[in-house]
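The first residue in the sequence is number 1, and the count goes up from there.
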Amino acid sequence: MMRRFDVVRWLMVLSVAFCLADDQLTAEESVGSRFTYLDELDPYYPNPDFPKLTTPMWVGEEGVDAVILLSVDDMGGPPFRPRYDVSPEAFQRFLTPLIQRLKKIDGRAPIAVMTCQAPPNSPTVQQLLKLGLSFDCHTFTHRFPFFRSNEGHTADEALKFARLDYLACLENLFAVPGNRPVAHRMPGCDAQNSVSPKFYTEVFPLKTSDGRFLTCDSSITTWFPSDDKSLPRDWRYDAEGRPRFDKYVNNIPQTKTFVNSIRNYPYPYVINNAIWELPVTIPCDSHGVHQHRPQSDKTVDDWKRAVDICVRKKGFMNLLFHTIGYIKNSQVVEVIDYADRTYGRRVKFLNCREIYDRLTKNVLGGVPLRSNTGGDNGVRLLDLNADGFLDAVIGNSKRRTTRIWDPKSQLWREVPLPAQIVSDEDTKKPVSHGVRFFTASRDGHAGLAVANERQRGAWRFKAGRWERFEASPPTQVDGKPLRIAERGVDRGVRFRDLNGDGLSDLIVNNDSQNAVFLLDSKASKWRLAAFALPKRGCLVDAQGIDQGLRFVDLDGDSDDDLVLSNDREYWVRLFDGPTSGWSKQIRGGKSGDPNALPMIVRDGKLNGVWFHSGAMILENETTMKNKDFITRIPFEHILGSSRQ
């Protein structure tokens, strides 16, 4: 029997779903936690219902419905397959038929070469650059797995060497005259778990000796599941009746559990508010080798269907291939030819640099995600009006604006932003102003709250502009001012839907404050709840450092349960209703105990944990000897005997 709490939740969800248009927010997304990804460092957050950044929103050319990125791996890498040549000259020979076919489309050859090492003065490299190719980062020594420990090295040394390897590749590629690398791809990411959230916090932000850095990643895969009934059946199933794309993800010989993926989201998205992710489309040619055989026409046929789907969804296709015998160059040309003959100008071929430039210009009005010094530039992507399309807000010392996509006119329009997200006058490090976004009304429209030493208030997005929100956050908690940020330090204020009414509730938890306030839309105020988090300082400490607390629905009841794990302690608590909150602790103890959960935060930094496909996943420099390079703990193991 459903609890009354659950009945209210689903009645609310259904009522919102019926009120929205077909292309708008789905029932699953209508709950008030839909902006939590902005505060969580999780690179795998998009799902099939997440708001889209379709190609017409960013490509800047009328009539273009899809972009294809042709990306080839491993140039200049080590001789890990001695009979294959990975020199620039070998790549030029392989790519020449592709270059010739692409030049027939618009006189250029936009191909991204994911490069380990490129001779800076190579005439071949210069020839390829002039043709439209770009050379982007693939680590200096094709480091795989990226966080591996060499014999005799400690885990800390493994991270150090990984960082140096990444930087060496950047230094090399920025030294190539005429080259402007923007993207990185992790070796092995196409079919193995070589990517960790820790890479995006500990490695990707690094800068070269002269202050240059990357802005895009292309290491996470996406695929089209057979249960997407909006697509024709023969696009979802192959000629043998097998799921066309599921078969690749579920049958990878090298790995038992492949978790480096998102489902059915063929669009660019943003990681950690700072990195453009250009997801790789499954299958890659390596999948074709393992599923069929090398150079199989079945792989080519599935690529063509992926082209069809990306055009239908007005999305982005990242076709990853190699020069070492997995696929023939004539087969890649066949895909290019199919896209051009079938869709003509509706498909555009671009390289990584061109994609980044167009995203920056057309989505963000010329404001980059990373500031000139590589820090937070006050840019956030979110769906403000619940129409299913991403909008953009920009709030830094130079610009405060809101950019809204109008799907009818196919144009961006701008209105002012009422608060500044970061101050970046200090070139050393941007300072947070304490801005958080929340769901302000049951129609899914966004709200914005700010609370710092100089500004306090709340606004909601309504009728295409920001207006003052009647329900201002409380000014005091536990006898002290409520501040989202204080002198730039995070004070543990988060917005989540805790009671299932589709509105965001307010959580404040730090070293001296602990409370939950439920948003009452009728009374236009946040009311103090009868419950709070288990103790003070489990979200952030006095310095604003993440303490390793995560909200996860472990038992499938649509409520946020709690998982905490750091280098001192761990515990798991289930949500037991809107009066008692997280009163049910099902496990806990000290870090290092035999049954302790992996540390989510270690020494105040992310440790490489995320939650994916019903499990807690850990990948870092300590897991490289494990099967699949990960530690995987299914939710049922976390719940243990508490699961009913």
Legend entry - Partners meeting side chain to side chain donor-acceptor pair (under 3.5 Å) with D567 (sequence neighbours left out): none
Inset, instruction - Indicate the atoms forming the closest heavy-atom contact of A596 with K590, along with that distance. - result: CB-O, 3.9 Å
Inset, instruction - Could you tell me whether D560 and R573 make a salt bridge, using a distance below 4.0 angstrom between a side-chain N and a carboxylate O? - result: no
Inset, instruction - Please confirm whether the backbone N or O of V540 pairs with a side-chain atom of N510, one donor and one acceptor, at under 3.5 Å? - result: no
Inset, instruction - For R454, look at atom CZ and say whether over 12 heavy atoms of other residues, nucleotides or ligands are found less than 6.0 Å away. - result: no
Legend entry - pair R496-S33: side-chain heavy atoms closer than 4.5 Å: yes
Inset, instruction - Anything under 30° is parallel, anything over 60° is perpendicular, the rest tilted; go ahead and classify F635 against F611. - result: tilted
Inset, instruction - Starting from the C-alpha separation in whole Å, work towards a yes-or-no answer on side-chain contact (heavy atoms from CB on, under 4.5 Å) for F245 and N264. - result: CA-CA 10 Å; F245 302 104; N264 209 2; over 6 Å; no
Legend entry - Ring centre gap for F50 and Y269 strictly below 6.0 Å: no
Inset, instruction - Could you tell me whether the side chain of W405 and the main chain of D383 form a donor-acceptor pair under 3.5 Å? - result: no
Inset, instruction - Using modelled atom types only, decide if a donor and an acceptor are shared between the side chain of R34 and the backbone of G444 within a distance under 3.5 Å. - result: yes
Inset, instruction - Could you tell me whether the side chain of H612 and the main chain of S261 form a donor-acceptor pair under 3.5 Å? - result: yes
Legend entry - Side chain to side chain, V493 and V508, heavy atoms closer than 4.5 Å: yes
Inset, instruction - Examine F389 together with Y267 and report whether their ring centres are nearer than 6.0 Å. - result: no
Inset, instruction - Kindly indicate whether the side chain of V393, heavy atoms from C-beta on, has any atom under 4.5 Å from the side chain of F437. - result: yes
Inset, instruction - State whether the side chain of R236 and the backbone N or O of L231 hold a donor-acceptor pair below 3.5 Å, judged by distance alone. - result: yes
Legend entry - Nearest-0.5 Å distance that lies between atom CG in L597 and atom CZ in R587: 4.5 Å
Inset, instruction - Taking side chain to side chain donor-acceptor pair (under 3.5 Å) as the test, write out the residues that go with N452, two or more places apart. - result: none
Legend entry - Inter-residue atom distance T623.OG1 - L618.CG, 0.5 Å rounding: 5.5 Å
Inset, instruction - Run the salt-bridge test on K313 and D228 with the 4.0 Å N-O cut-off and return the result as yes or no. - result: yes
Legend entry - Residue pair Y265 / P279, side-chain heavy-atom distance below 4.5 Å: no
Legend entry - Note, N250 side chain near F258 side chain (heavy atom, < 4.5 Å): no
Legend entry - Test item: L562 and W571 side chains (from C-beta on) under 4.5 Å apart, heavy atoms: yes
Legend entry - Check: V363 main-chain N/O paired with R403 side-chain donor or acceptor under 3.5 Å: yes
Inset, instruction - Give a yes or no on whether the ring-centroid distance for W526 and F438 is below 6.0 angstrom. - result: yes
Legend entry - Value rounded to 0.5 Å, distance of CG in L503 from CG in L498: 11.5 Å
Legend entry - Geometric cation-pi criterion, R460 with W466: 6.0 Å, 45°: no
Legend entry - Exam field: side chain N509 to backbone L539, donor-acceptor pair closer than 3.5 Å: yes
Inset, instruction - Check whether any side-chain heavy atom of N607 lies under 4.5 Å from a side-chain heavy atom of I600, and answer yes or no. - result: no
Inset, instruction - Tell me, with the steps shown, if Y44 and I617 meet side-chain contact (heavy atoms from CB on, under 4.5 Å). - result: CA-CA 12 Å; Y44 297 98; I617 311 292; over 6 Å; no
Legend entry - Distance in Å, L606 CG paired with Y200 OH, rounded so as to fall on 0.5 Å steps: 13.5 Å
Inset, instruction - State whether D39 and R436 are salt-bridged, where the test is any N-O pair (Lys NZ or Arg NE/NH1/NH2 against Asp/Glu carboxylate O) under 4.0 Å. - result: yes
Legend entry - Nearest non-hydrogen partners of I484 and A449, listed with the distance: CD1-O, 3.7 Å
Inset, instruction - Determine whether L417 and T401 make a side-chain contact, defined as any pair of heavy atoms from C-beta on separated by less than 4.5 Å. - result: no
Inset, instruction - Measure the CG-CD1 distance between N47 and I262 for me, rounded to the nearest 0.5 Å. - result: 9.0 Å
Inset, instruction - Of all the heavy-atom pairs spanning R413 and G464, show the shortest one and how long it is. - result: NH2-CA, 3.0 Å
Inset, instruction - Kindly indicate, with the supporting measurements, whether the criterion side-chain contact (heavy atoms from CB on, under 4.5 Å) is fulfilled by D561 and V552. - result: CA-CA 5 Å; D561 304 310; V552 187; 5.6 Å; no
Legend entry - Sidechain N-carboxylate O distance under 4.0 Å for R550, D42: no
Legend entry - Chi angles and distances behind the ring pair (Phe, Tyr, Trp, His ring centres under 6.0 Å) call for W582, F575: CA-CA 4 Å; W582 298 279; F575 192 76; 5.2 Å; yes
Legend entry - Residue pair L506 / P473: nearest heavy atoms and the distance that separates them: CD1-CB, 3.8 Å
Legend entry - Nearest-0.5 Å distance, CG of residue D541 to CD of residue Q543: 4.5 Å
Legend entry - N595 backbone acceptor or donor facing D593 side chain under 3.5 Å: no
Inset, instruction - Check for a donor-acceptor pair, side chain of N273 on one end and backbone N or O of L38 on the other, with a separation under 3.5 Å. - result: yes
Inset, instruction - Identify whether the distance between the nearest side-chain nitrogen and carboxylate oxygen of E621 and K198 falls below 4.0 Å. - result: yes
Legend entry - Where P474 and R456 come nearest, the two heavy atoms and their spacing: O-NH1, 3.6 Å
Inset, instruction - Over all heavy atoms of both residues, which pair between A532 and A515 is shortest? Give the atoms and the distance, please. - result: CB-CA, 4.0 Å
Inset, instruction - Please report the C-alpha distance between V259 and E619 in whole Å, then the side-chain angles of each, then the deciding distance to 0.1 Å, and finally whether the side-chain contact (heavy atoms from CB on, under 4.5 Å) criterion is met. - result: CA-CA 11 Å; V259 293; E619 180 179 341; 5.9 Å; no
Inset, instruction - Using modelled atom types only, decide if a donor and an acceptor are shared between the side chain of D443 and the backbone of H445 within a distance under 3.5 Å. - result: yes
